[in-house]
There are 2 protein chains.
Amino acid sequence: MYKREEIVRALEQSGLRITSQRFCTMEYLLRRDVHSTADEIFHAINKSDPRASRATVYNSLNALSRAGLVREISIDGKAALFDSNLRRHHHFVCDHCGVVEDVPWFDAPKAVRHSLGARTVREFEVMLRGSCENCKKKEKPSC
Amino acid sequence: MYKREEIVRALEQSGLRITSQRFCTMEYLLRRDVHSTADEIFHAINKSDPRASRATVYNSLNALSRAGLVREISIDGKAALFDSNLRRHHHFVCDHCGVVEDVPWFDAPKAVRHSLGARTVREFEVMLRGSCENCKKKEKPSC
DNA sequence: GTCCCTGCAAACGGTTTGCACCCGG
DNA sequence: CCGGGTGCAAACCGTTTGCAGGGAC
């Protein structure tokens, strides 16, 4: 579980002012195990503090993102998802329910680097698409 | 070069009515070697037929996309790009100029499939990010 | 006390939709 | 002639921005 001071320390180390909004946003992302949209975060924060605004959630997320404390992922033109998992990883997207799950990191095959000619590659991002465990069960009720 | 009848045939085979807008949209995409946004396509078509509307370009692109004649790619929440290259391939995105280039297809390493547990994988999509050839030259003017 | 952050509302860019008219089959 | 496509404008949705006031350091 994430303690208050851990979050404060993470924000401090990134040189960000510790404000209520940033703290709450960071806390929310760390406590969830699934990726969240800005809107979900806004509603959660807004429930405990009705004065909190959507714009500030966006601003906070951008600040956290620039500071490298969260990662923004955008898939298929839908609302951006925010991810507090900073370990290298890839993503799996379910075609049916749309859930986005983390999958373990693997590097690009060596041969690929050669096919890229004069380009420099800094990042390797993979997206797998298919049926998640739950949707697969539903597809085949029995046999 | 793509001949008029080839495009007509492709549309026919997909069971789509052959209308001026769909033909022009398809032609435009086939003739370009880079991916285009709906807006670019709209402006190109609008130049020769000032009555053409943005909405119809979107509708046509959606129809072509549903029919499997073009592929829609959305990257980083920016305007969608449309791609008439139907061969399997991956994408390279330049961090500096934003250009999106096709790179040769390669399959996921076998080990990856095992790490996915009960999920079924239908598609494997890779995005490489870095500096394209042009931007790399500019980065290092000399030494 | 100084900036930076916040909240609000308005603006924004990309895309979709409702509707009346039009055209391909 | 019928059904679907088209053009237009307005709606939509996620996100950003300008501004005035407030809070962190």
Side-chain angles (χ1 to χ4, degrees), chain A residues 4 7-26 35-67 69-70 72-82 98 100, chain B residues 4-5 7-27 35-67 69-70 72-82 98 100:
Chain A
R4 183 173 189 82
I7 301 175
V8 170
R9 208 175 314 129
L11 291 168
E12 266 169 0
Q13 284 173 2
S14 306
L16 292 173
R17 272 196 198 174
I18 294 132
T19 65
S20 158
Q21 284 267 32
R22 289 183 183 164
F23 179 84
C24 292
T25 301
M26 196 66 215
H35 310 306
S36 316
T37 62
D39 207 59
E40 279 160 21
I41 300 169
F42 164 65
H43 280 110
I45 293 182
N46 194 255
K47 209 178 283 178
S48 48
D49 173 8
R51 281 182 36 78
S53 84
R54 192 175 257 100
T56 306
V57 171
Y58 278 102
N59 289 337
S60 302
L61 285 167
N62 287 339
L64 293 171
S65 182
R66 256 178 274 120
L69 293 176
V70 306
E72 181 172 351
I73 49 193
S74 44
I75 295 176
D76 298 338
K78 293 204 281 286
L81 297 174
F82 294 85
V100 178
Chain B
R4 183 173 187 84
E5 313 97 60
I7 300 174
V8 169
R9 209 175 313 128
L11 291 168
E12 265 170 359
Q13 283 174 2
S14 306
L16 291 174
R17 268 197 202 174
I18 294 132
T19 66
S20 157
Q21 285 267 30
R22 286 181 185 166
F23 179 84
C24 293
T25 302
M26 197 65 215
E27 190 183 35
H35 311 307
S36 315
T37 62
D39 207 59
E40 280 160 20
I41 300 167
F42 165 65
H43 280 112
I45 293 182
N46 193 254
K47 208 178 284 179
S48 49
D49 174 7
R51 281 184 37 77
S53 83
R54 190 174 258 100
T56 306
V57 171
Y58 277 103
N59 289 337
S60 302
L61 285 168
N62 286 339
L64 293 172
S65 180
R66 255 177 275 120
L69 294 177
V70 305
E72 182 174 350
I73 49 192
S74 43
I75 295 178
D76 297 339
K78 293 203 282 284
L81 297 174
F82 294 86
V100 178

query = Would you call Leu61(A) and Glu72(A) a side-chain contact if the rule is heavy atoms closer than 4.5 Å?
reply = no
message: So, OP1 or OP2 of dG7(C): does either fall under 4.0 Å of a side-chain N or O from Gln21(A)?
response: yes
The nucleotide from dG7(D), dT6(C), dG14(C) with an atom nearest the side chain of Ala79(B) is dG14(C)
Problem - Sugar-phosphate only, base, or nothing, as touched by Arg22(A) at under 4.0 Å among non-hydrogen atoms - result: sugar-phosphate
Correct closest heavy-atom pair for Ala38(B) and Val57(B) would be O-CG1, 3.7 Å
To the nearest angstrom, the CG-P distance between Leu11(A) and dA24(D) comes to 14 Å
With the side chain defined as heavy atoms from C-beta on, Ala80(B) is closest, among dT15(C), dT16(D), dC8(D), to dT15(C)
One should read off an interatomic distance between Gln21(A) CD and Ser53(A) OG, to the nearest 0.5 angstrom, of 6.0 Å
Those residues at least two apart in sequence (or on a different chain) that pass salt bridge (Lys or Arg N to Asp or Glu O under 4.0 Å) with Glu27(B) are Arg31(B)
Applied to residues 35-52 of chain B, the salt bridge (charged side-chain N to carboxylate O under 4.0 Å, His left out) test, sequence neighbours excluded, yields Asp39(B)-Arg54(B)
Its contact letters, B for base, S for sugar-phosphate only and - for none at protein heavy atoms under 4.0 Å, make nucleotides 19-25 of chain C read -----BS
Check: Less than 4.5 Å apart, any side-chain heavy atom of Ile7(A) and any of Ile18(A)?
Finding: no
* Contact class for Asn59(B) (heavy atom, under 4.0 Å): base, sugar-phosphate, or nothing? -> base
The nucleotide from dG7(C), dT16(D), dC8(D) with an atom nearest the side chain of Asp49(A) is dG7(C)
Exercise. Can you tell me if the side-chain N/O atoms of Ser53(B) get under 4.0 Å from OP1 or OP2 in dT6(D)?
Worked result: no
Whole-Å distance, Tyr58(A) OH to dA11(C) P, equals 19 Å
Rounded to whole Å, the CG-P distance (Leu61(B) to dG5(D)) equals 14 Å
Rounding to 0.5 Å, atoms CG (Leu81(A)) and OG (Ser36(A)) come to a distance of 8.0 Å
- Touch class at under 4.0 angstrom, heavy-atom based, for Ala55(A) against every strand present: base
* How is Thr37(A) classified with respect to the nucleic acid when contacts are heavy atoms under 4.0 Å: base, sugar-phosphate, or nothing? -> nothing
